[in-house]
Amino acid sequence: VQGFDVSLIDLVADDLGVKQEILDTPFENFKTGAFLNSGECDLAAAGMTITEERKKNVDFSDPYFDATQALLVAKGSGISSLADAKAKKVKLGAQAQTTGEDYVKGQGFDPVSFESSDAVLNGLRSGQVKAVVIDYPVVQGWLKDKANAAAFQVADNINTGEQYGFTVKKGNTKLRAAINKALSDAKADGTYKKLYEKWIGPYDASA
């Protein structure tokens, strides 16, 4: 397991003088705070959008990423937008229990739900679905693979005003403060920009 989230949490671990241990688990366990409450993990880093509903179950760090959703399709599909996909009654995929899934349901789709982002992308690759709506950073990373970029493209960027946050068990103010300090320091000394460009793409400081 690697990527932008992992690299940022490594900074938190370094500050605290501990080593990050990664537990890979379905997104639902993050969203409900179940694994935090049970003590199975101390924090969750999963490209999780900050929402009022989720704040009832977990405490969020400061936002660390402005996220948009991407509509990903095969090249030559003829699909140019979400409205276009709807008009053509395209079978659409999304990750279960995510804001992306909620968004497309709100747009009148009945999406095929996949447990993980990898499963969503494999569903598109295998032809199980003709289009997927998924977090844009995930797509950016996936399209860095030349074979993927040769066959698939982003048809539409959907700005849903989302921001990601890391989560801790409700009331764990010390760990939350440590995460916020690491994020603030990384932005101040240029580390955040380096990690962003390594894992995601060109960094726009004004964004």
Side-chain angles (χ1 to χ4, degrees), residues 1-6 22-35 44-54 57-58 64-167 199-201:
V1 179
Q2 59 178 10
F4 187 55
D5 284 16
V6 175
I22 296 172
L23 180 68
D24 199 6
T25 182
F27 190 78
E28 175 68 12
N29 292 330
F30 296 128
K31 189 173 140 179
T32 61
F35 272 37
M48 194 191 301
T49 301
I50 300 167
T51 69
E52 291 306 313
E53 186 64 29
R54 291 173 182 173
N57 300 321
V58 295
Y64 68 91
F65 189 82
D66 293 331
T68 57
Q69 298 285 327
L71 175 67
L72 187 67
V73 298
K75 287 187 173 176
S77 68
I79 301 163
S80 59
S81 67
L82 200 58
D84 193 22
K86 188 177 179 184
K88 290 176 178 172
K89 297 184 176 173
V90 166
K91 189 184 276 191
L92 183 86
Q95 186 179 348
Q97 305 290 332
T98 62
T99 49
E101 183 185 54
D102 291 343
Y103 181 80
V104 295
K105 282 181 177 176
Q107 298 299 309
F109 287 90
D110 180 17
V112 177
S113 294
F114 296 90
E115 187 176 273
S116 67
S117 56
D118 283 345
V120 174
L121 295 165
N122 286 333
L124 179 64
R125 192 190 273 127
S126 67
Q128 196 175 343
V129 290
K130 295 297 182 190
V132 297
V133 168
I134 192 166
D135 293 12
Y136 184 51
V138 172
V139 170
Q140 280 181 299
W142 194 70
L143 290 178
K144 282 185 177 180
D145 181 292
K146 287 179 181 174
N148 293 337
F152 300 94
Q153 66 184 22
V154 175
D156 201 6
N157 250 320
I158 307 156
N159 188 357
T160 52
E162 296 175 41
Q163 291 184 307
Y164 291 168
F166 299 120
T167 61
W199 293 111
I200 297 169

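Heavy-atom basis, side chains included; hydrogens, waters and symmetry copies ignored. Since this is a predicted model, take the numbers as computed values, not measurements.
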Between [atom1] on residue [X] and [atom2] on residue [Y], distance to nearest 0.5 Å:
X	Y	atom1	atom2	value
D145	L121	CG	CG	11.0 Å
Q140	W199	CD	CH2	14.0 Å
N57	K31	CG	NZ	9.0 Å
F152	L124	CZ	CG	4.5 Å

### Query
Quick one: which of D118, V120, V132 gives a side chain to side chain contact (heavy atoms under 4.5 Å, CB included) with Q95?
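Single pass found, and it is V120.
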### Task
Run the numbers on F109 and V90 for side chain to side chain contact (heavy atoms under 4.5 Å, CB included), then give the verdict.
CA-CA 9 Å; F109 287 90; V90 166; 5.7 Å; no
### Query
Applying side-chain hydrogen bond (donor to acceptor under 3.5 Å, both in side chains), which residue pairs with at least one partner in residues 103-117 are found, sequence neighbours left out?
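Found E101-S113.
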### Query
What pairs of residues pass the side-chain hydrogen bond (donor to acceptor under 3.5 Å, both in side chains) test when at least one of them lies in residues 125-137, not counting sequence neighbours?
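Qualifying pairs: Q69-D135, N122-R125, R125-N148, D135-Y164.
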List the atom of [X], the atom of [Y], and the distance in Å for their closest heavy-atom pair.
X	Y	result
A155	V73	CB-CG2, 3.8 Å
I79	A85	CG2-CB, 3.9 Å
T68	I158	CB-O, 3.5 Å
A94	V104	CB-CG2, 4.5 Å
A70	V154	CB-CG1, 4.2 Å

### Validation row: W142, L72 side chains within 4.5 angstrom (heavy atoms)
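Yes; the side chains approach each other to less than 4.5 Å.
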### Task
Just do the side chain to side chain contact (heavy atoms under 4.5 Å, CB included) check on T160 and T99 with the steps written out, would you?
CA-CA 9 Å; T160 52; T99 49; 6.0 Å; no
### Message
Run D84 and L71 through side chain to side chain contact (heavy atoms under 4.5 Å, CB included) and show every step you take.
### Response
CA-CA 11 Å; D84 193 22; L71 175 67; over 6 Å; no
### Message
I'd like to check the ring pair (Phe, Tyr, Trp, His ring centres under 6.0 Å) partners of F27; sequence neighbours left out, ordered by chain and number.
### Response
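Result, ring pair (Phe, Tyr, Trp, His ring centres under 6.0 Å) vs F27: none returned.
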### Message
For K146, I'd like to know if atom NZ has over 12 heavy atoms of other residues, nucleotides or ligands within 6.0 Å.
### Response
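Atom NZ in K146 is not crowded, with 12 or fewer foreign heavy atoms closer than 6.0 Å.
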#### Entry: Plane angle bin for F65 and F4 - parallel if under 30°, tilted between 30 and 60°, otherwise perpendicular
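Perpendicular: the ring planes of F4 and F65 meet at over 60°.
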